[in-house]
Peer 1: 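Quick one: structure below, then a few questions.
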Amino acid sequence: AGRPEDALKFAREYVRLAPEIPHAHHMYGHVLRRTGGMIAAIAQFKMADELERAYFKRNQFEPTVDWHYPHNLGLLASSYQFLGKMREAESYYRKAGSLAAHSDFDAFNRKDLCEFFLDRRRYAEALIAAGKLADSPFPLARAAGHSLAASALLSLDRRAEAAGELALAEKETAALPPAEGPAAKLYVAMARAQMLLAEHDSSAQTLLERIAKRIHAENGPDAWIQG
């Protein structure tokens, strides 16, 4: 609803009522990020991580059984990245990325390490990470992987190969169910815009403005952070 200050009160109460539940701390961290409290958010994500690891140890579970565990690690990573602490960010991105995924959106979230490499202009490493996504058994992850591979290849000045990856991304996206299509379409659109820029096509600006408008409109905690 776009009322993060109100959300903060309820998130804080969630933690007070359920202090042993990792997701309570995680959601409080989400809202703290949304309201500018990045350092406080990290503390909450770390608390969620400690509780989850203790839960796994106590019940002799592997961390991969819970989709929430790598998701929380991803938010820890991006919080450190926001603060400019790239070593810590990369460590958590790698830790999350090393875990097996068991659902489409869980697999899709493994794109974080690839995006980190792209942001850091480590394009060869980004291409390797994108290739792993593109080989996923889950179609949403494959669509994102091909799109990110196209971006990495364009940054490496390998336009013909990038065009091939973009075509594969569009093919994967077209076959996705309605609930998953929008997430993939955003990545396809970003790769398409980058391709248009490489070709000095003025329509890139219109597409980029449309992408920015969509990202700016996101309000939900996961969607907003994704944006």
Side-chain angles (χ1 to χ4, degrees), residues 1-103 105-122 125-126 129 141 144 183 215-227:
R3 294 160 55 189
E5 293 296 341
D6 288 335
L8 191 63
K9 294 182 290 185
F10 291 103
R12 189 182 297 117
E13 184 69 358
Y14 185 14
V15 170
R16 188 186 71 80
L17 292 169
E20 298 301 316
I21 301 299
H23 194 63
H25 296 276
H26 174 86
M27 288 310 302
Y28 189 24
H30 259 302
V31 185
L32 283 165
R33 281 172 53 124
R34 187 71 171 86
T35 52
M38 194 64 70
I39 293 173
I42 287 174
Q44 293 300 316
F45 295 140
K46 281 191 166 183
M47 178 63 72
D49 181 57
E50 290 175 10
L51 288 169
E52 283 177 327
R53 286 188 287 108
Y55 174 78
F56 297 144
K57 183 177 181 181
R58 188 164 63 247
N59 292 281
Q60 298 182 331
F61 291 159
E62 289 297 320
T64 55
V65 303
D66 188 357
W67 69 271
H68 188 268
Y69 181 60
H71 173 57
N72 187 69
L73 292 175
L75 291 196
L76 255 176
S78 59
S79 298
Y80 277 119
Q81 184 177 0
F82 180 87
L83 294 175
K85 297 186 176 184
M86 299 305 171
R87 185 177 299 176
E88 291 90 340
E90 183 171 346
S91 174
Y92 281 112
Y93 279 134
R94 286 187 180 278
K95 189 174 182 180
S98 69
L99 298 170
H102 298 293
S103 70
F105 275 100
D106 191 15
F108 173 68
N109 284 335
R110 300 301 189 272
K111 67 190 169 25
D112 291 350
L113 180 61
C114 180
E115 290 184 301
F116 176 77
F117 288 143
L118 286 171
D119 289 343
R120 305 299 294 158
R121 300 185 180 183
R122 292 160 61 177
E125 290 170 281
I215 290 171
H216 186 69
E218 300 287 9
N219 276 330
D222 284 316
W224 178 82
I225 282 167
Q226 181 64 38

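Quick caveat, the model's predicted, so the values are computed rather than measured.
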Peer 1: What is the minimum heavy-atom distance between Ala100 and Thr64, and which atoms define it?
Peer 2: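 Looking at all heavy atoms of both residues, the shortest contact is N-CG2, 3.6 Å.
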
Peer 1: Any sub-3.5 Å donor-acceptor pair from Arg120's side-chain atoms to Met86's backbone N or O?
Peer 2: no

Peer 1: What I'd like to find out is whether the side chain of Met47 reaches to under 4.5 Å of the side chain of Tyr28, using heavy atoms alone.
Peer 2: no

Peer 1: Look at the side chain of Arg110 and the backbone N and O of Leu99, then say whether any donor-acceptor pair between them is shorter than 3.5 Å.
Peer 2: yes

Peer 1: If we only count heavy atoms from C-beta on, is the Ser78 to Asp112 side-chain gap below 4.5 Å?
Peer 2: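 Contact flag for Ser78/Asp112 side chains = no.
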
Peer 1: Could you tell me the separation between the CD atom of Gln81 and the OH atom of Tyr93, rounded to the nearest 0.5 Å?
Peer 2: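 Answer for the CD-OH pair, Gln81 versus Tyr93, is 4.0 Å.
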
Peer 1: At what distance, to the nearest 0.5 angstrom, does CG of Asp106 lie from OH of Tyr69?
Peer 2: 13.0 Å

Peer 1: Rounded to the nearest 0.5 Å, how far does CZ of Phe117 lie from CD of Glu125?
Peer 2: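 With rounding to 0.5 Å, CD (Glu125) is 4.5 Å from CZ (Phe117).
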
Peer 1: How many angstroms lie between NZ in Lys95 and CG in Asp49, if you round to the nearest 0.5 Å?
Peer 2: 5.5 Å

Peer 1: Please work out whether the ring planes of Phe61 and Tyr55 are parallel, tilted or perpendicular, with thresholds of 30° and 60°.
Peer 2: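 Taking Tyr55 first and then Phe61, their aromatic rings stand perpendicular (interplane angle over 60°).
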
Peer 1: Donor-acceptor check, side chain of Ser91 to backbone of Arg87, threshold 3.5 angstrom: yes or no?
Peer 2: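 No, because the side chain of Ser91 does not come within donor-acceptor range (under 3.5 Å) of the backbone of Arg87.
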
Peer 1: Is the closest side-chain heavy-atom distance between Phe10 and Val31 below 4.5 Å?
Peer 2: no

Peer 1: For residues 18-26, which side-chain donor-acceptor pairs fall under 3.5 Å, sequence neighbours excluded?
Peer 2:
unit_1	atom_1	unit_2	atom_2	d
His23	ND1	His68	NE2	2.8
His25	ND1	Gln44	OE1	2.8
His25	NE2	Pro19	O	2.8
His26	ND1	Asn72	OD1	2.8
His26	NE2	His30	NE2	3.2
His26	NE2	His71	NE2	3.1

Peer 1: Over all heavy atoms of both residues, which pair between Ala77 and Tyr92 is shortest? Give the atoms and the distance, please.
Peer 2: CB-CB, 3.6 Å

Peer 1: Starting from the C-alpha separation in whole Å, work towards a yes-or-no answer on side-chain contact (heavy atoms from CB on, under 4.5 Å) for Trp67 and Asn109.
Peer 2: CA-CA 10 Å; Trp67 69 271; Asn109 284 335; 5.8 Å; no

Peer 1: Taking all non-hydrogen atoms of both residues, which atom of Phe56 and which atom of Pro63 are closest, and how far apart?
Peer 2: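 For Phe56 versus Pro63, the nearest heavy atoms are CE1-CA, 3.7 Å.
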
Peer 1: Would you give the length of the straight line joining atom OG1 of Thr35 to atom CG of Asp6, rounded to the nearest 0.5 angstrom?
Peer 2: 11.5 Å

Peer 1: Consider side-chain hydrogen bond (donor to acceptor under 3.5 Å, both in side chains). Of Arg33, Lys46, Glu88, which one does Ser79 pass it with?
Peer 2: Arg33

Peer 1: Using a cut-off of 6.0 Å, state whether more than 12 heavy atoms not belonging to Met27 lie near its atom CE.
Peer 2: yes

Peer 1: Could you tell me whether the side chain of Glu5 reaches within less than 4.5 Å of the side chain of Leu8, counting heavy atoms only?
Peer 2: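 A side-chain contact under 4.5 Å exists here.
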
Peer 1: Any carboxylate oxygen within less than 4.0 angstrom of a Lys/Arg side-chain nitrogen, looking at Arg94 and Glu90?
Peer 2: yes

Peer 1: Nearest 0.5 Å, what's the CG-CZ distance between Leu32 and Phe45?
Peer 2: 8.0 Å

Peer 1: Answer yes or no: are there more than 12 heavy-atom neighbours, outside Ile39 itself, under 6.0 Å from its atom CD1?
Peer 2: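 Incorrect, the count does not exceed 12.
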
Peer 1: Search all heavy atoms of Ala126 against all heavy atoms of Cys114 and return the closest pair with its distance.
Peer 2: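 What the structure gives for the nearest pair is O-SG, 3.3 Å.
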
Peer 1: Assess whether side-chain contact (heavy atoms from CB on, under 4.5 Å) is satisfied between Phe116 and Arg122, documenting all intermediate values.
Peer 2: CA-CA 9 Å; Phe116 176 77; Arg122 292 160 61 177; 4.0 Å; yes

Peer 1: Who passes salt bridge (Lys or Arg N to Asp or Glu O under 4.0 Å) against Glu52, sequence neighbours left out?
Peer 2: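 Residues passing salt bridge (Lys or Arg N to Asp or Glu O under 4.0 Å) with Glu52: none at all.
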
